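Got a structure for you, written out below as structure tokens; questions coming shortly.
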Amino acid sequence: MNDTILSESVSKFNTHIARICDLNHSAALLEWDQETYMPSGAAASRASQISTLRQMSHELLTSDTTASLVEKLESDGLKPGSIEADHVLIVRKDFERATKIPGNLVAQLAETAALSRGAWMKARTQNEFELFAPHLEKIIDLCRQKAEALTYKTEIYDPLLDEFEPGTSTAKVRLIFEELREKLVPIVQQIATEPAPEDDFLHTFFPRDAQWKFGLDVAKDFGYDMNTGRQDYSAHPFSTTFSISDVRITTRIDEHFFNPGFFGTLHESGHGMYEQGVSHELERTLLADGTSLGMHESQSRMWENLIGRSREFWSHYYPRAQAAFPGALSGVSEQDFYRAVNKVAPSLIRVEADELTYNLHIMVRFELEIELLEDRIKVAELPSAWNDRMESYLGVRPKSDSDGVLQDIHWSLGAFGYFPTYALGNLISSQLYDQVSVAIPDLPDQIAEGSFSELLAWLRKHIHVFGRRKSAAQILRETTNSELSIESWIHYIEKKYETLYGH
Ligand code: ZN
């Protein structure tokens, strides 16, 4: 076909998709504001605004214009593997998925989620599950409708999971989790028989401003770019993207516990760096995003845990931590601090859980989500089901729903199918890190010098730059020559915790 005509078709297609991206990013900006600065009284009007933008974006994506532009380029023979060809493939995929969901269901989900989020916050603050329960019932009903509209072969959870982790299945995740649980529980039990590290000093006083500065300084050292990013406070930390040149993170700080603010900042900076690393050629295309949430989480977990909880990291940063928090840390040795930030103890709150027991928190949610969707448990039974499951998996029972079933924002947003990606991210992070360690043999020395540029460059080159052009499975195959598996992560924790807790 004539190159001029082809480039005209590409240009029309790009302009059309760019408008969809602009609407999505504008909605994301309103959502970011909702979580950070918006007065609580604005919840209802904000819900309508977000719903309008999301609906407009959905209408554009599912329009006849998209269909005809995609069909034209599919038949025009774009060069396979080119950005244009990859873009058409992804738009086709998103189009297929989106056309299955009726526009009014999308609008209902967005509006219900925005209202539900407010109810969840109130319920959590007041420890009253009943305030959230009717919203959750509505959310579950809408998620079921969504799954039915998307259609599935075996499990209702499959199409919901696919939104966040394309290419996997409920059965596969269940199998991975079973293997993981089998290996993990004995390790956690073994650790429980060892004397626990002293960590009282982590719960003394860490002034807010000093925490903010220390955490953000480390994120900047990692390579989180403040020219194209910023950090703000929110109740539930997250990262969000309005363009490749505007990738924001949030954090929350507890002045009486060092871990949430600091490790939360490292975590979100890992997400942020992924998005900042997407090739600028992909700006205003549907390729400019992380390829899956599991891959996204592999990045945040790598910076938070594999780097931020490593001995090398603290050999460099501990003197700085002591200078930043003299009141809390002046009499604490580096070794004691390192052991304390790696303490393993079953606890109630997922985001504060240690590296090991974290995955058990995810399994509780994964199972309950499926049972709720399949109507095997009712919303009214959820708090006690949650508490029972926590007791059986982690040996701890929440005293309040705020520390139990109400702790996470995800269900209020309608994000059923999201939680498993956290645990998958842990597994992927370790598989990738093994490979980086081969590519950069002196990586531990570099970390001990506070130097992360080679590591970030490797992640950029093999993962970030592609956005959605490569699937998570493809990236794993190409970088590690293997599929998703538990071995690498199990090996990592066995080695690390043997040294930490061994004799
Ligand atoms: Zn994350």
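In listed order, ligands and their atoms are each counted from 1. From a predicted model like this one, the values you see are computed outputs, not experimental measurements.
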Closest non-hydrogen atom pair, Ser269 against Ala219 |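 Scanning both residues, the minimum pair turns out to be CB-CB, 3.7 Å.
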Out of the N/O/S atoms in His267, what is the name of the one closest to the Zn ion (ligand 1)?
->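 It is NE2 of His267.
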Can you say whether the rings of Trp303 and Phe222 are parallel (under 30°), tilted (30 to 60°) or perpendicular (over 60°)?
->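 Ring orientation, 0 to 90° scale: tilted.
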Closest N/O/S atom of Glu297 to the Zn ion (ligand 1), by atom name?
->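 The Zn ion (ligand 1) is closest to the Glu297 atom OE1, counting only N, O or S.
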Do Gln276 and His464 have a side chain donor and acceptor closer than 3.5 Å?
->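 Looking only at side-chain atoms, His464 and Gln276 do not form any donor-acceptor pair under 3.5 Å.
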Using a strict 4.0 Å threshold on nitrogen-to-oxygen distance, state whether Arg97 and Glu163 make a salt bridge.
->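 Counted as a salt bridge, because a side-chain N and a carboxylate O are separated by less than 4.0 Å.
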Please determine if the Zn ion (ligand 1) has an N/O/S atom from His296 lying under 2.8 Å away.
->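 No.
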